[in-house]
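The block underneath contains the structure these notes are about, expressed in structure tokens.
We name chains A, B, ... by the order of the sequence lines, and we start the count at 1 in each one.
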Amino acid sequence: MSTNEDIGAIFEEMATLLELTGANGFRVNAHTKVARVVEGLASDLGDIARGEKAMAELQKLDGIGKSSAEKIVAFVANGAVPELDELRAAVPDGLRTVMQVPGLGPKTVRRFWQEASVESLADLEAALADGRLEALPRMGRKTIDNIRASIDFMKSAGDRRRLGVALPLAERVVAVMEAVPGMRQVAWAGSLRRGQETIGDVDILVSTDDPEAASAAFREQPGVSRVLVAGETKSSVRLEEGIQVDLRVVPEEVWGATLLYFTGSKDHNVALRERAIARGLRLNEYGLFPEDDEAAPPQQRGIAPVAASSEAEIYEALELPWIPPELRVDRDEFDRAIPEDLITVESIRAELHSHTTASDGRLSIDELAEAAMAAGREILAITDHSRSSAQANGLDVDRLRRHADAIREADARIDGIRLLAGSEVDIHADGSLDYEDDVLASLDVVVASPHASLRQEPAVATARLCAAARHPLVSIIGHPTGRIIGSRKGLEPDIEAVIAAAIEGGTALEINSNPLRLDLRDIHVRAAVDDGCLISINTDAHRAEHLQYLRYGVLTGRRGRLEAEGCINAWEPDRLLAWLARGR
DNA sequence: GCCGTTTTCGGCCCGACTGTTTTCAGTCG
């Protein structure tokens with residue numbers, strides 16, 4: 001785990017343990033915020049938190065004060081935080097799992113702990129079985145049943161879902177809702193709209209002439225395994241896939257306010273509401289209202305909103321430009337100019353990383369060219385694996401040369417798309433490449449990627465990737481860390497050093513769009529873009545349908561503030577070809 | 001615990017839904 005992830009996890013854990021001890025909620029939130037800020041940093045806190053100016057440097061970060069800075073310094077110096085150790089001693093470890101049961105929060109878990117000796121998930125199940133919990137005040141039959149069902153769900157379902165699973169599922173639900181009579185608008189919101197790499201649940205928003213029909217259709221749609229919430233404007237269901245989907249039904253005139261609220265992030269919303277308060281306004285999911293210090297919600301008292309129908313007019317009333325959903329994270333989106341030409345799927349003209357049957361792909365050269373053309377690409381680089389990737393049927397030099405000839409023959413024969421002969425060349429553990437330079441020089445495109453030795457020490461990984469990035473014949477560093485979301489951590493290089501080497505070597509860093517990878521990840525893209533490093537968004541297609549992964553890579557690029565100018569795949573074809581040909 | 005374009009102290013976002021209880025606490029997003 002990287003230092004930043006370690007520290008983020010520590011503050012998350014402290015927040016949970018503090019909640020269980022009954023600490024002040026704002027203090028709990030402060031810890032959660034530190035975790036989020038730390039995990040969003042591209043640069044390594046291990047470096048910042050050493051040296052004489054560590055305390056001052058750390059406290060420059062938003063949300064980190066003296067107390068948190070001291071904890072970070074202590075952790076980096078000694079690998080331990082005394083306050084955390086004290087909390088761990090005071091609160092049974094198993095309660096952290098109990099807190100993860102949907103519907104159980106700190107108050108309830110604390111009661112179970114104090115009043116029924118529940119100290120773990122196993123204790124909780126035993127207490128449910130022997131009736132200890134039912135004996136507690138305010139613990140009825142339904143609550144007990146819900147807790148049982150939640151435990152079953154937690155055991156069966158995994159954690160968060162990958163973007164590539166959740167987005168097609170959201171499209172399915174949206175199609176169901178669009179078919180309901182009286183429907184006016186349907187959209188997905190939440191972390192899905194923000195393009196996060198993993199999704200907790202899917203949020204669907206509709207405006208309609210017939211709210212009852214909409215809610216009914218939602219709860220009765222195919223694939224619902226359990227209805228969790230069934231209100232007038234809000235419903236939640238769990239699908240057979242194990243994912244929760246929330247529906248919100250709103251009048252069309254407050255569409256913008258609800259879409260804004262439902263898109264989040266939560267922290268972005270909180271920041272917007274604070275901004276509203278500072279301007280004598282009050283923001284909720286029904287609109288932006290004048291503040292009149294009445295407790296009851298303004299929309300229930302017939303107060304007219306200042307803005308409600310569109311997100312843009314609400315931002316405008318708060319003296320902000322419309323902020324693209326992918327940038328709504330409560331980091332610096334209020335202070336920095338919004339990128340004018342954020343990358344879009346439509347602006348991508350070239351696919352520069354793909355595989356055929358020559359290595360481990362499923363399509364021939366002609367079939368892949370056809371699929372790429374159908375997907376709207378004007379340039380396709382075919383980059384089968386190099387010889388060391390034996391498990392992927394990597395090409396030795398002879399096969400590579402014949403394959404390159406075949407690609408160029410196809411390029412001459414096929415109209416409508418430019419085919420480039422390339423290779424996805426293994427970066428060896430020591431940073432050397434899998435083919436000799438004369439072989440690399442004979443290709444149109446070289447994507448250099450790490451495939452093996454993905455558990456190297458960070459310093460070794462940094463040297464390895466920097467060497468490849470500086471190599472004059474390398475065009476792109478493919479999936480730079482080699483991570484697989486949720487299952488393989490991959491390399492943990494000093495990303496700033498890799499970015500510097502890529503700039504120096506005139507090499508682009510890839511956003512691999514495969515939803516299992518999304519590598520570079522969003523915060524690394526952001527660091528690269530801020531430094532002026534070129535980015536390449538590719539699908540790494542092994543099949544025709546993989547070309548559709550592009551949208552996931554684009555969302556990741558947008559989260560990293562990537563504009564079309566900084567993405568070589570969006571360049572004019574002649575410009576891209578000239579760039580690829582440099583030094584060859 | 002953090003923070004300051006009225007603040008170094010006193011605030012800290014807002015509403016829907018559920019369950020259990022007759023007015024609201026807890027959870028969630």
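Side chain of Ala230(A), nearest nucleotide from dA16(B), dT18(B), dG1(B): dT18(B). Of the candidate nucleotides dC13(B), dA16(B), dC17(B), dC17(B) has the atom nearest to the side chain of Glu232(A). Considering only side-chain atoms of Thr233(A), the nucleotide from dC17(B), dG1(B), dC14(B) that sits closest is dC17(B). Side chain of Asn24(A), nearest nucleotide from dC17(B), dC12(B), dG15(B): dC12(B).
If you take atom P in dG15(B) and the same atom in dT20(B), they sit 26 Å apart, rounded to whole Å. Comparing the C1' positions of dC13(B) and dG29(B) gives a spacing of 12 Å, expressed to the nearest Å. With P as the reference atom, dA16(B) and dT21(B) are 24 Å apart, rounded to whole Å. Taking atom C1' on both dT8(B) and dC3(B), the two are 9 Å apart, rounded to the nearest angstrom. Nucleotides dT7(B) and dC2(B) place their C1' atoms 13 Å apart, quoted to the nearest Å. Separation of the P atoms belonging to dT23(B) and dC28(B) is 26 Å when rounded to the nearest angstrom. The separation of dG1(B) from dT5(B), taken at their P atoms, amounts to 23 Å, rounded to a whole angstrom. dC17(B) and dC12(B): their C1' atoms are spaced 25 Å apart (whole Å).
Arg184(A) is not listed as a side-chain neighbour of Thr208(A), based on a closest heavy-atom distance of 4.5 Å or more.
Among residues two or more places apart in sequence or in another chain, the salt bridge (charged side-chain N to carboxylate O under 4.0 Å, His left out) test is passed with Glu12(A) by none. Residues satisfying the salt bridge (charged side-chain N to carboxylate O under 4.0 Å, His left out) criterion with Arg336(A), sequence neighbours excluded, are Asp332(A), Asp530(A). Under the rule for a salt bridge (charged side-chain N to carboxylate O under 4.0 Å, His left out), the partners of Arg248(A) that lie at least two apart in sequence or sit in another chain are Glu285(A). The side chain to side chain donor-acceptor pair (under 3.5 Å) test applied to Glu294(A) returns no partner, not counting sequence neighbours. Scanning for side chain to side chain donor-acceptor pair (under 3.5 Å) contacts around Thr198(A) gives Arg160(A), with sequence neighbours left out.
Nucleotide dT8(B) forms no Watson-Crick or G-U wobble pair with any nucleotide shown, as no partner meets the under 3.5 Å limit on both distances.
One atom, CZ of Arg248(A), and another, C1' of dC14(B), lie 10 Å apart when rounded to the nearest Å. Rounded to an integer number of Å, the gap from CG of Leu272(A) to C1' of dG15(B) is 16 Å. Between Leu58(A) atom CG and dC2(B) atom C1' there is a gap of 15 Å when expressed in whole angstrom units. To the nearest angstrom, P of dC14(B) lies 11 Å from CG of Leu288(A). Taking atom CG of residue Asn269(A) and atom P of nucleotide dG15(B), one finds them 13 Å apart after rounding to whole Å. Rounding to whole angstrom units, CD of residue Glu291(A) and C1' of dC12(B) are separated by 15 Å.
A salt bridge does not link Glu115(A) with Arg110(A): every distance from a Lys NZ or Arg NE/NH1/NH2 to an Asp or Glu carboxylate oxygen is 4.0 Å or more. Taking the charged nitrogens against the carboxylate oxygens, Lys489(A) and Glu5(A) do have a contact shorter than 4.0 Å, which makes a salt bridge.
Using a 4.0 Å cut-off, no side-chain N or O of Arg27(A) falls inside it from OP1 or OP2 of dC12(B). Distances shorter than 4.0 Å separate some side-chain N or O of Asn284(A) from OP1 or OP2 on dG15(B). OP1 or OP2 of dA16(B) lies within a sub-4.0 Å distance of a side-chain N or O belonging to Tyr286(A). Considering only side-chain N and O atoms, Asn146(A) lies nowhere under 4.0 angstrom from the phosphate OP1 or OP2 of dT18(B).
Nearer the 5' end of DNA chain B, as judged by each residue's closest nucleotide, is the contact made by Glu274(A), out of Glu274(A) and Leu228(A).
With no hydrogens or angles considered, a side-chain donor-acceptor pair links Ser235(A) and Arg219(A) at under 3.5 Å. With 3.5 Å as the limit, one finds a donor-acceptor pair spanning the side chains of Thr3(A) and Asp44(A). A donor atom on one side chain and an acceptor atom on the other are found under 3.5 Å apart for Asn284(A) and Gln299(A).
The side chain to side chain donor-acceptor pair (under 3.5 Å) pairs that include a residue from residues 127-138 of chain A are Asp130(A)-Arg132(A), Glu134(A)-Arg141(A), where partners are two or more places apart or lie in different chains. Sorted by first then second residue, the side chain to side chain donor-acceptor pair (under 3.5 Å) pairs that include residues 270-282 of chain A, not counting sequence neighbours, are Arg279(A)-Glu319(A). Applying the ring pair (Phe, Tyr, Trp, His ring centres under 6.0 Å) test to every pair with at least one member in residues 182-225 of chain A, sequence neighbours left out, gives no pairs at all.
Contact annotation for Ser236(A): no contact, since no heavy-atom pair falls under 4.0 Å across all strands. Nucleic acid contact for Gln300(A): sugar-phosphate only, since backbone atoms but no base atoms lie under 4.0 Å from a heavy atom of the residue.
The aromatic ring centres of His31(A) and Phe26(A) sit 6.0 Å or more apart.
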Heavy atoms under 4.0 Å is the rule here; annotate nucleotides 20-29 of chain B 5' to 3' with B where the base is hit, S where only the sugar-phosphate is, and - elsewhere. SS----SSSB
Contact letters for nucleotides 3-8 of chain B, in which S counts primed atoms plus P, OP1 and OP2 and B counts the base, heavy atoms under 4.0 Å: S-----
List, with names and distances, any nitrogen or oxygen atoms from the protein found under 3.5 Å away from nitrogen or oxygen atoms belonging to nucleotides 9-11 of chain B.
none

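A glycosidic torsion no more than 90° from 0 defines the syn conformation; dT22(B) lies beyond that range and is anti.
Contacts between residues 30-57 of chain A and DNA chain B, defined by a heavy-atom separation below 4.0 Å, involve Ala30(A), His31(A), listed by number.
Screening Arg36(A), Arg331(A), Lys33(A) for a side chain to side chain donor-acceptor pair (under 3.5 Å) with Asp267(A), the sole residue that qualifies is Arg36(A).
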